[in-house]
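Scroll down for the structure; my scribbles are underneath it.
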Amino acid sequence: VGTAADDDAAAEFHAFFERHYAELARLAHLLTGEPDAADDLAADALLALWHRWDRVRAADHPVAYARGVVVNLARTRVRTAVRERRRVALFWSQRAERSENPDVAGVVDVREALRRLPFRKRACVVLRHAFDLSEKDTALALGVSVGTVKSQTSKGVAELQRLLGTRAAPRAPRQVRAAIARSGGATGGTR
Amino acid sequence: MTGPRRDADERLRARLREAAGAHRPDRARILARV
């Protein structure tokens, strides 16, 4: 027999579901790269939350907890997929080698590039920059320190830029720029 | 942070936000599983 307290809990959970299911599914999508699996994973995370809703609703940041559950489920799924790919690679080693090292800048889209990042860097970049979470909230969701978020995000962004071929061109050293200026700024070589 | 790098980072952020928003979650599918 349901009680008024049960009804309240159910109503609160329902409101939480409506507010956050889309964000959680999108987070799962960027972390796994799989649209259908992302929705199932978000559902599994929400179900896990409902099973411990009394604790979750009492937490300071229920949504941070929810994001953490999504991240953990996504990590497990990605690891399983990687293991599966390695098994396949035993049979198709040459082909696998090519696909493991397609380090060609500018030909991959952002989702494909994300999939090539190690999971923790990927999660940091996604939470910080796709979902605009603060470093503190990202750390809370991932269960790591703010320092780790800073370093992993910075490295992850640099790697993504390299994969996408969008990294800003490094400036020439000052002496080189000065020499170019002295020679009239000519860039057309005589080779 | 230098200008070109800031621009590159901003462009990357925009692409990431766009990639996140591109996924249209199936509410009914999620609800059915919960």
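Values reported hereafter were calculated over all heavy atoms of this structure, with side chains retained and with hydrogens, waters and symmetry mates removed. Values in this document were obtained by computation on a predicted structure and should not be read as measured data.
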- Item | Which portion of A/E18 sits near chain B, non-hydrogen atoms under 4.5 angstrom | side chain
- Side-chain heavy-atom pair A/H129, B/D9 within 4.5 angstrom cut-off: no
- For chain B, which of A/V126, A/V125, A/D36, A/D132 has the most heavy-atom pairs under 4.5 Å? A/D36
- Is there side-chain contact between A/L160 and B/L16, with at least one heavy-atom pair below 4.5 Å? yes
- Query: Taking C-beta and beyond as the side chain, do B/R13 and A/V157 meet within less than 4.5 Å on heavy atoms?
  - Reply: no
- Message: Starting from A/L114, can I reach A/L133 by hopping between I/L/V/M/F/W/Y residues whose side chains sit under 4.5 Å apart?
- Response: yes
- How far apart are the closest heavy atoms of A/R26 and B/P25, and which atoms are they? NH2-CD, 3.8 Å
- Do A/L140 and A/L142 belong to the same hydrophobic cluster, where Ile, Leu, Val, Met, Phe, Trp and Tyr are linked whenever their side-chain heavy atoms lie under 4.5 Å apart, directly or via other members? no
- Task: Please report the closest heavy-atom contact between A/A130 and B/R17, naming both atoms and the distance.
- Result: O-CG, 3.5 Å
- Message: Which heavy atom of A/V110 sits nearest to which heavy atom of B/R15, and what is that distance?
- Response: CG1-O, 3.8 Å
- Item | No-hydrogen, no-angle side-chain donor-acceptor test under 3.5 Å, B/H23 and A/D39 | yes
- Is it the case that more than 12 heavy atoms not belonging to B/R29 sit under 6.0 Å from its CZ atom? yes
- Query: Any chance CZ of A/R79 has more than 12 other-residue heavy atoms, nucleotides or ligands included, within less than 6.0 Å?
  - Reply: no
- Side-chain heavy atoms of A/F13 within contact of B/V34, under 4.5 Å: yes
- Go through the steps to decide whether A/Y21 and B/L31 satisfy the test side-chain contact (heavy atoms from CB on, under 4.5 Å), and finish with yes or no. CA-CA 9 Å; A/Y21 82 88; B/L31 198 55; over 6 Å; no
- Would one find more than 12 heavy atoms of other residues, nucleotides or ligands at under 6.0 Å from atom CD of A/E12? yes
- Between A/L47 and B/R33, which heavy-atom pair has the shortest distance, and what is it? CD2-O, 3.9 Å
